[in-house]
Amino acid sequence: MPRPFSPKVVTANDLIEGDVIYMARNGSWVRDMCMAWLIEDEAEANTQLARATDEPGIAVGPYLADAAAGPTGPIPTHFREAFRATGPSNRFHGKQTQQSAPEAVANV
Amino acid sequence: MYDYNNFDESFVRNRVAQFREQVGRRISGALTEDEFKPLRLMNGVYLQLHAYMLRVAIPYGSLNPNQMRQLAMIGERWDKGYGHWTTRQNIQYNWPRLSDIPDMLDALADVGMHAIQTSGNTIRNVTADHFAGAAADEVEDPRPTAELLRQWSTDHPEFQFLPRKFKLAVTGSKADRAVTKAHDIGIRIVKNAAGEIGYQILVGGGLGRTPVVGQVLKDFLPREDLLPYVEAVVSVYNTLGRRDNKYKARIKITTMENGIEAIHDLVEARFAQLRPLFSGVDQEHFANIAADFKAPEFKTASLDGYHAARDADPIFRSWSDTNVDDHRADGYGIVTISMKAHGATPGDASADQMRVLADLAEEFGHGDIRISHEQNVIFPHVHRSDLPAIFAALRAHGMATANAGLISDIIACPGMDYCALATARSIPVAQEIAERFDALKIEHDIGHLQIKISGCINACGHHHLGHIGILGLDRAGVENYQITLGGDAGPDTVIGKRAGPGFAYDQIVPAIERLVHAYLELREDEGETFIDAYRRLGEAPFKAALYPEEDKTNAA
Ligand code: HEM
Ligand code: SF4
């Protein structure tokens, strides 16, 4: 039996800042994971990834990352994505210095 | 110290101008990431987890105070006010904006520095013993040799697209603080029976997923044969090295697959072709370089103040015992400035700290600063009478931790806090180990013990060579830490052995603590270090300490 598709976000790094970015539902790029588009459908995820890959000038190295629905938007399901969504753990730098960084990693 | 000549200067400036255009084309959309990536890597620009990273070469780890001040300025102006010293004597900036990097490179060029060949499949920054020119046990200062190799390898047209990265290290002393046996080519300056100085050439060392200790390729190479010989080795590798599989592409694998004898024969044949092409100009040039590295004028001064300070202040005494090594000149010492304050990120230095270091080196250190592969800063030439003043200034800026060579003097790679290749974090593990043993107040009792941590199999943190090595892995979506025991970065270079199953993030520090307590119980006396005890007793008692449950089950 094929494994069921787990929800994804399209994520990449910003061309100039290098900061982690996510694709929002309207196709624009946002800095904040909870504003990302949690894509539940595999074909849609692949379409959006292809679109991101084709769009030069903003997103570097787009890929699909597993995510889950959290209280205020998508949250990461793997610790790597949790670090990307918050910033380094040894210094208070990166996204965690802005207010709305996700606090929890989904327990799945 | 070596200063750039006109050729170096214009080469570096042209390269910055070229890269500025490339960045412009990338930002305008004229270049795709696939097209741009090899160009940025040639200039030391990576894309990490949260931002770009700029890796700047510090050739053989040597800096002058102005360069240090410029590194501080760059960190403050274009980064987040700090930089990170690495095991390959580079500095990495973790937060630059792509559009600022050309300006950063221009600022580096202003002080004779660059980021060329700090990435990619080229000959990387040539590293050397950080005690060069100061060590009491030195045959010769390795820096002129390293500088000659740097000039030869920079922009060498034949070696810009090697099968894989290629690393050279040079040492001039038996103690081998440059870990030459873990490099693609290791160069040891030696004296033969006739008293002539030449080179022992090691080949095929490397860490990464397949750690290999380098082997002797040539026991004694006359000085004037160095460049043609090294060129022969790289050229043989360039044709033989595997480009089909990047995990088999390093020269360590080429050497294993073909055998050292075959490599030796091919190198000798290639050397015979190349030797006549080197007319001796390189040797005249070497003599000029060597003149740039002449020792400073050592002073003489009374040591009374130094001894009085030692008697009066136990903290100073402890620091000067732990962090000051013997120097070849009377009254002098080599100072290791710890970049490992308990709980700090190993190898990070703030812009303020860098400026303090620059000022101190200028005032007390003959203007000479080194970065060690252990991620510390070294003042190679300090008269002991100046140690109390240096210590006071370091202390005021969080750089006076007396832990050189001790359990909290940990090498840690950036790991999952920064690195896109990481499978787990390494920095917080280092921070917690340091804080734990500081709280226990047993660090000095434990004595010499090297812990080295990597956040993935690439082994940038030298974990294979730690007396205790820690490798962070991703096991089913959680961080898991594997321990290796018995590694050693000394002249013999020993790869550690895996102790057994890994530990969860919250179990790794307790595991290290059990290990260290076992050592304290097992050692013959205070003079027996961890690694000596391990060698005497073997792994069994240490494994028993790491896996107490298993031990009980087996005994039952
Ligand atoms: C963006 C960050 C980094 C990346 C992408 C990176 C990548 C790698 C890779 C892929 C290898 C394995 C090479 C191989 O086995 O063929 C490696 C090895 C190594 N790196 Fe890094 N590295 C990074 C940061 C660092 C840092 C911060 C240091 C110093 C603290 C470092 C020093 C080394 C050393 C000493 C080795 C092992 C020696 C060897 O086998 O050549 N690297 N690195
Ligand atoms: S060992 Fe792995 S995690 Fe650490 S810096 Fe190297 S590539 Fe990154």
Side-chain angles (χ1 to χ4, degrees), chain A residues 3 6 10-22 29-33 49-63 65-68 75-98 101-102 104-108, chain B residues 23 26-37 40 45-54 79-82 84 94-101 343-346 348 350 412 414-432 472 474 476-479 505:
Chain A
R3 281 177 56 196
S6 56
V10 183
T11 181
N13 291 81
D14 176 73
L15 173 64
I16 308 286
E17 311 265 341
D19 192 14
V20 174
I21 53 177
Y22 303 91
W29 293 95
V30 292
R31 302 284 166 130
D32 203 330
M33 185 164 185
L49 176 62
R51 199 164 66 80
T53 311
D54 256 5
E55 183 180 50
I58 302 175
V60 185
Y63 65 95
D66 283 325
I75 53 173
T77 60
H78 186 278
F79 64 93
R80 183 177 195 271
E81 291 305 322
F83 287 122
R84 289 183 76 242
T86 41
S89 63
N90 64 319
R91 282 175 180 269
F92 189 66
H93 283 158
K95 289 195 188 301
Q96 58 201 328
T97 59
Q98 292 128 34
V105 183
N107 214 351
V108 289
Chain B
V23 169
R26 174 69 182 119
I27 291 174
S28 77
L31 288 177
T32 64
E33 181 63 12
D34 285 349
E35 290 161 339
F36 180 63
K37 191 174 172 184
R40 68 167 159 78
V45 182
Y46 285 77
L47 184 55
Q48 302 204 101
L49 280 187
H50 318 289
Y52 288 95
M53 179 270 276
L54 178 64
D79 204 88
K80 293 191 188 292
Y82 75 103
H84 178 75
N94 283 325
W95 301 94
R97 292 159 52 97
L98 179 60
S99 46
D100 289 336
I101 293 176
T345 300
D348 275 9
S350 71
M416 183 85 71
D417 288 303
Y418 299 92
C419 177
L421 303 177
T423 42
R425 284 173 294 167
S426 34
I427 292 168
V429 176
Q431 291 173 303
E432 284 173 32
D474 174 349
V478 274
E479 289 167 298
Y505 181 80

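Chain identifiers are assigned alphabetically (A, B, ...) following the order of the sequence lines, protein sequences preceding nucleic acid strands; residue numbering begins at 1 within each chain.
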Check: Between the main-chain N or O of A:Met33 and the side-chain N or O of A:Lys95, is there a donor-acceptor pair closer than 3.5 Å?
Finding: no
Checklist line | CA sep, side-chain torsions, deciding dist, call: A:Ser6, A:Asp66, side-chain hydrogen bond (donor to acceptor under 3.5 Å, both in side chains) | finding: CA-CA 7 Å; A:Ser6 56; A:Asp66 283 325; 2.9 Å; yes
Check: B:Ala51, B:Ala424, B:Ser28: which one forms the most heavy-atom pairs within less than 4.5 Å of chain A?
Finding: B:Ala51
Check: Within 45° of the axis and under 6.0 Å from the centre of the six-membered ring of B:Tyr52, does NZ or CZ of B:Arg40 qualify?
Finding: no
Next item on the list: Go through B:Arg26, B:Glu479, B:Glu33 and name the one with the most non-hydrogen pairs under 4.5 angstrom from chain A.
Entry: B:Glu479
Check: Heavy-atom distance under 4.5 Å to chain A: side chain of B:Val478, backbone, both or neither?
Finding: backbone
Check: For B:Thr423, is it the side chain, the backbone, both or neither that has a heavy atom under 4.5 Å from a heavy atom of chain A?
Finding: backbone
Note to self: Test your reading of the model: is there a side-chain donor-acceptor pair from B:His50 to the backbone of B:Asp417, 3.5 Å cut-off?
What the structure shows: yes
Check: For B:Phe36, is it the side chain, the backbone, both, or neither that has a heavy atom closer than 4.5 Å to a heavy atom of chain A?
Finding: neither
Note to self: Around atom NZ of B:Lys80, are there more than 12 heavy atoms from other residues, nucleotides or ligands closer than 6.0 Å?
What the structure shows: yes
Item checked: Side chain, backbone, both or neither of A:Asp19 within contact of chain B (heavy atoms, under 4.5 Å) -> both
Next item on the list: Under the side-chain contact (heavy atoms from CB on, under 4.5 Å) rule, collect the residues that match up with A:Ala59, sequence neighbours excluded.
Entry: A:Ala12, A:Ile21, A:Trp29
Check: Among B:Ile27, B:Leu31, B:Asp474, which has the most heavy-atom pairs under 4.5 Å with chain A?
Finding: B:Asp474
Checklist line | B:Ile427 versus chain A, the contacting section by heavy-atom distance below 4.5 Å | finding: side chain
